[in-house]
Structure formats: C-alpha cells, structure tokens
Amino acid sequence: MSIELRHLRCFLAIAEESSLTRAAARLHLTQPAVSRTLAALEQHLGIRLVDRSTHHLALTSEGLAFRDRAAAALAAFDAAVDPAGLRRRPLRLGHAWSAFGPYTTPLLRRWQREHPGTPLELLRVDDRTAGLARGEVDAALLRGAVEAPGLVTEELATEPRVAALPSDHPLAARSRLALGDLAGETVVLNTVSGATTLALWPAAARPAATLTVANTDDWLTAIAAGRGVGVSSASTAALHPYPGVAYRPLPDAPPLPVVLAWRDAFPHPATEALAALAREIVAETRGPGGGGTEPDVPRA
C-alpha cells in the first residue's frame, strides 16, 4: 500500500476533531470509510496513531509526533501547487508573541526595501514553535529553548526578563524585583506558547500555585484581574502595555534567548537572506562595542 494525501488529510481531521463521526462529516465521508483509511495508515506505518480504548479518541505519543509531520507535509504540498504562490511566494514568519522585539520594525522595513520580490508576512500563531512544526509558517522567531525534531535554530539576541504584576500589587511599588519576591505568589503560565516554567526558580523556592493560560492575551488579562503575577521578556513590556499591568525588571533571572528557527527539510529559498538581515540589524543596533539596546520597561 502507498500513502496518499487522503490518508494524511483523514488522520489530521481525526486529530483535530477527536471524533471519527465529526471527522467523517468534515471530510464528507462515511464513518466506516474514515475508520478504514485510519487503519490502513496505521498498518502501513506499523504503529498505533489513535487510542480507541477511551470514550473520547486521543492521539498516542506516536500519533502526536506524526500529526506535526503530516501537517507540515500537507502544508508543503498545498503551497507547492498554489498558482499564486508559484508567481510570488511569500516568506511566512511566525511568532508567538512580541515578534522580534525592538528589531521588528527595522526588519520589516529593510526586508520590504531590499527584497521587494518576496513579501514577508508576519503571523502570530499561539503554539511553542509559532506554527513552524505544523508547516503553517516558513520560519519563526521564538524565545527560549526549542525542542522539536527537524528544526534548525540560530540565536540572534537575548532579552532580559521582567515581572508582570497587577498595577495595584504591593510589589509594584518597587523599581525592580527578584525571582524570590514572586515565590509566594500565584504565577500565571502560558503553557501553550510561553517560555516561562517553574524551572526558572530554584527548586527550593518555586511558587506553589500556578494558573495556566493559552496565549499572551489571556496571560495579560489574568494578571490585570489580580489572579496572579507573571514573568516574560522585556519586549513584552515594551510591545504589550496593558491597563492594570505593571512591569518590573528581574535582574537575577537569566536572559531569554531570541532565536530564528526554520525547518531543515525544504526551507523557503529566502530563509538564509532573512537570517542574514536579522543578524545585521541586531549587530547594527548593538553598535561596535557589542552592547545591546533593550526595550524600556514601562512603570505601569
């Protein structure tokens, strides 16, 4: 048996719908046809992709890994046969939040001027690789360590970390804070696309309470509502001012790497030009002494 695109589309529909019935309706197929297609795919791969032992379908660990590969393969195929893309294929640059920080506008302006034949599309995608692992973008600006198979990463810069607090919180009266100051607080963690985890704190002084959210907007809303405090990069403070949220420097927290990532297999032809321009812009901003210019941290 050979794998066809219909096998991948069927599996991704099952993965996204968590239901054979809903996947069948979405694909305009019968449920038995969807079941047979999934079984044929699993037989070809020699692995179980979907756990059918529970009331609700769930992907196995192998299924989760295959989902990202299948999505990337379909995205690459759809892009390859898109007539508009053949004429003028854009370079899709993903980010989960804050893009390239203070370098974002210079990057976009320089790219438009120096590469007018390749549009650069900046897209926010709320997942850890900003859509790169699933093939939704061609390259991504990410923060922190990124562990995903098939990706190439290059560190471009680092950003200091800041604490984000409700503006009426007692700690907001201070000009700067330490990680230990937050240990007794509920910490809001963006577990979908964020780079902050409890591992940021020493094991003996980790916050006991956490609140999880799925994106930067919900993170800011929770902090402004007084439900907890957070930690992010200085670019968040500069690019995401929010009523009711105060940002304060965290000098004792390790800086957050800003990396450019792309897929190792079949990268966009303009990827290397993008990396070169990003490196150049960072170097120009730092100046001959190598010292960076960091975003201002708003007082509230």
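Throughout, numbering of the chain's residues begins at 1 and tracks the sequence.
Counted within 6.0 Å of CZ on R69, heavy atoms from surrounding residues, nucleotides or ligands total 12 or fewer; the atom is thus considered open. Under a cut-off of 6.0 angstrom, the local environment of CD in Q43 is sparse, with at most 12 non-hydrogen atoms contributed by other residues, nucleotides or ligands. Other residues, nucleotides and ligands place more than 12 heavy atoms under 6.0 Å from the CZ atom of R279.
Among the candidates T37, V34, L59, the single residue satisfying the side-chain contact (heavy atoms from CB on, under 4.5 Å) test with F11 is L59. Considering T210, V213, T212, T196 as possible partners of T191, the one that fulfils the side-chain contact (heavy atoms from CB on, under 4.5 Å) test is T212.
In summary, R176 and D181 do not engage in a salt bridge, as defined by a charged side-chain N under 4.0 Å from a carboxylate O. Note on E62 versus R48: no salt bridge recorded, every NZ/NE/NH1/NH2 to OD/OE distance being 4.0 Å or above. A salt bridge is absent between E16 and R22; no separation between the charged side-chain nitrogens and carboxylate oxygens falls under 4.0 Å. Here E121 does not pair with R92 in a salt bridge; the nearest charged N to carboxylate O distance is not below 4.0 Å. Under a 4.0 Å N-O distance rule, the pair R134/D68 does not qualify as a salt bridge. E147 has no carboxylate O lying under 4.0 Å from a charged side-chain N of R128, or vice versa, which leaves the two without a salt bridge.
In this structure, CZ in R227 is found 10.0 Å from CG in D218, a value given to the nearest 0.5 Å. Taking CG of D252 as the reference point, atom CG of L177 lies at 9.5 Å (rounded to 0.5 Å). Rounding to the nearest 0.5 Å places CZ of R9 at 12.5 Å from CG of L29. The line from CD of E4 to NE2 of H44 is 11.0 Å long, rounded to the nearest 0.5 Å.
Checked by atom type, the side-chain pair W97/T236 shows a donor-acceptor distance below 3.5 Å. For the residue pair Y242/T221, the side-chain donor-acceptor check at 3.5 Å is satisfied.
R67 is linked by a salt bridge (Lys or Arg N to Asp or Glu O under 4.0 Å) to nothing, counting only residues two or more places apart in sequence or in another chain.
Listed by first and then second residue, the ring pair (Phe, Tyr, Trp, His ring centres under 6.0 Å) pairs that reach into residues 113-168 are W111-H115, sequence neighbours excluded.
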